[in-house]
Amino acid sequence: MDNEIRVIIADDQEGMRLILRKMIAKAEGFTLCAEADNGRDVLDLVEKHKPHVCFLDVEMPGMTGLECAKAIQDTDPHTMIVFATAHDDYMAQAFEVYAFDYMVKPFKLERVMKTLDRIREVMRMRCGEESIPKEGTVSPVRMRRAASSGRIMLRHKDGVNFVNQSDILLVQRENRSTVLYATDGRRFETSEALGDVQDRLDEQIFFRCHKSYIINLNVIDSITPYGRWTYVVHLVGTQQDALITHEKYEELERMFS
């Protein structure tokens with residue numbers, strides 16, 4: 001892994017930010033980019049620094065940590081959210097925003113280091129993947145049904161694009177837009193909601209694996225662990241990947257059993 005793992009911490013208590021700051025400084029491969037004492041500043045810092053990891057308190061002025069997590073995921077769903085809070089009764093809501101981890105204060109150094117070790121391993125796996133050329137057509141993997149030959153129309157500010165469904169690898173939320181990646185390396189961006197695009201896709205081929213991702217079932221290569229409640233779906237023929245929740249992973253297992 002060539003680059004440092006960028007981290008932002010947010011907590012309205014200076015003492016807790018100091019503790020996290022010291023712990024992150026002890027961990028190899030991590031760089032603290034910025035810190036905030038309120039929720040609204042967090043989003044500005046995320047936009048500026050594009051961190052890999054955000055440590056968020058749940059109860060903060062301006063916006064809660066949960067609200068921040070939802071907004072961050074709409075920008076980059078791969079940003080790892082770690083809640084560091086004194087309240088253990090928000091864990092169910094943290095599950096809904098697919099937090100990488102949930103730590104209840106007061107926590108020990110070993111607890112934080114374990115989480116940082118897991119983050120480092122996930123980042124190492126992601127950065128260590130071989131570069132796969134994006135040119136050409138992908139060979140389907142374990143076909144469930146014949147790929148749809150239908151086309152969909154994507155609206156954008158400059159007009160529309162027509163895309164064959166059989167050419168679609170992945171649809172995801174990215175920088176508050178919906179982005180479609182094709183087998184030939186093309187990228188299409190639309191202001192349409194992910195759900196609106198999903199409604200026009202062949203449900204026999206495309207699977208909503210996460211609130212921010214739709215994947216082509218024919219091009220799944222492998223699935224590996226990610227956070228406490230999430231996995232990474234690796235796709236054939238592209239460096240793009242997707243997240244899948246534990247619930248959706250179990251549904252996928254039933255579909256292929």
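The closest side-chain heavy-atom distance from V97 to I72 is not below 4.5 Å. With a 4.5 Å cut-off on side-chain heavy atoms, V219 and T183 do not count as touching. Counting only heavy atoms from C-beta outward, the side chains of D57 and D12 approach each other to under 4.5 Å. The shortest side-chain heavy-atom distance between V82 and I119 falls under the 4.5 Å cut-off. Looking only at side-chain heavy atoms (C-beta outward), N216 and F206 come within less than 4.5 Å of each other. For the pair R200 and L154, the minimum side-chain heavy-atom distance is below 4.5 Å. Between L235 and Y181, every side-chain heavy-atom pair lies at or beyond the 4.5 Å cut-off. Counting heavy atoms from C-beta outward, V233 and D241 have side chains that stay 4.5 Å or more apart.
Remark: E189 engages R187 in a salt bridge (Lys or Arg N to Asp or Glu O under 4.0 Å) (not counting sequence neighbours). Scanning for ring pair (Phe, Tyr, Trp, His ring centres under 6.0 Å) contacts around Y213 gives H78, H210, with sequence neighbours left out. Here M113 pairs with K26, A27, L109, L116 under the side-chain contact (heavy atoms from CB on, under 4.5 Å) rule; sequence neighbours left out.
Taking hydrophobic clusters as Ile, Leu, Val, Met, Phe, Trp and Tyr residues chained together by side-chain heavy-atom distances below 4.5 Å, L170 shares a cluster with M255. Tracing side-chain contacts under 4.5 Å through hydrophobic residues (I, L, V, M, F, W, Y), one reaches Y249 starting from F256; they form part of the same cluster. When hydrophobic clusters are built by joining Ile, Leu, Val, Met, Phe, Trp and Tyr residues whose side-chain heavy atoms come closer than 4.5 Å, directly or via intermediates, M153 is not grouped with I168. Under the 4.5 Å side-chain contact rule for hydrophobic residues, L194 and Y98 do not share a cluster.
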For F100 and V122, what are the C-alpha separation, side-chain angles and deciding distance, and is it a side chain to side chain contact (heavy atoms under 4.5 Å, CB included)?
CA-CA 11 Å; F100 187 88; V122 168; 4.1 Å; yes
Can you check side chain to side chain contact (heavy atoms under 4.5 Å, CB included) on M91 and F83, steps first, answer last?
CA-CA 9 Å; M91 188 172 293; F83 286 106; over 6 Å; no
With side chain to side chain contact (heavy atoms under 4.5 Å, CB included) as the criterion, how do Q165 and I205 come out once you've worked through the C-alpha distance, each side chain's angles and the decisive distance to 0.1 Å?
CA-CA 9 Å; Q165 292 196 43; I205 301 300; 6.0 Å; no
One pair to check against side chain to side chain contact (heavy atoms under 4.5 Å, CB included): T85 and Y102. What are the steps and the verdict?
CA-CA 8 Å; T85 177; Y102 191 99; 3.5 Å; yes
Salt bridge (Lys or Arg N to Asp or Glu O under 4.0 Å) between K114 and D101, worked out
CA-CA 11 Å; K114 183 177 179 180; D101 204 352; over 6 Å; no
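Pairing each heavy atom of D89 with each of Q93, the nearest pair is O-OE1, 4.3 Å. Across A10 and V42, no two heavy atoms sit closer than the pair CB-CG2, 3.3 Å. The minimum heavy-atom distance between D117 and R120, with the atom names listed, is OD1-NH1, 2.7 Å. Heavy atoms only, all atoms of each residue included: C209 and A242 are closest at SG-CB, 4.4 Å.
Counting only residues at least two apart or in different chains, salt bridge (Lys or Arg N to Asp or Glu O under 4.0 Å) contacts with residues 29-46 comprise R17-E35, R21-E35. Pairs passing the salt bridge (Lys or Arg N to Asp or Glu O under 4.0 Å) check and including a residue from residues 68-80, sequence neighbours excluded, read D74-R173.
Crowding of E247 atom CD: a count of heavy atoms from other residues, nucleotides or ligands under 6.0 Å not exceeding 12. Within 6.0 Å of atom CD in E28, 12 or fewer heavy atoms from other residues, nucleotides or ligands are found, so the atom counts as exposed in its surroundings.
Side-chain N or O atoms of N175 include none that pairs as donor or acceptor with a backbone N or O of S177 at under 3.5 Å.
From L201, atom CG reaches atom CD1 of I152 across 5.0 Å, with rounding to the nearest 0.5 Å. Note that CG of N218 and CG of L169 are 10.5 Å apart. Values are rounded to the nearest 0.5 Å. Between K211 atom NZ and L243 atom CG the span is 10.5 Å, to the nearest 0.5 Å. Note that CG of L43 is 9.5 Å distant from CD1 of I8, once rounded to the nearest 0.5 Å.
Between the side chains of E59 and Y90, a donor-acceptor pair is found at a separation under 3.5 Å.
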Would you be so kind as to tabulate the donor-acceptor pairs closer than 3.5 Å made by side chains of residues 45-56, with sequence neighbours excluded?
unit_1 : atom_1 : unit_2 : atom_2 : d
K50    : NZ     : E47    : O      : 3.0
H52    : ND1    : R6     : N      : 2.9

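Remark: D11 engages K105 in a salt bridge, criterion side-chain N to carboxylate O under 4.0 Å.
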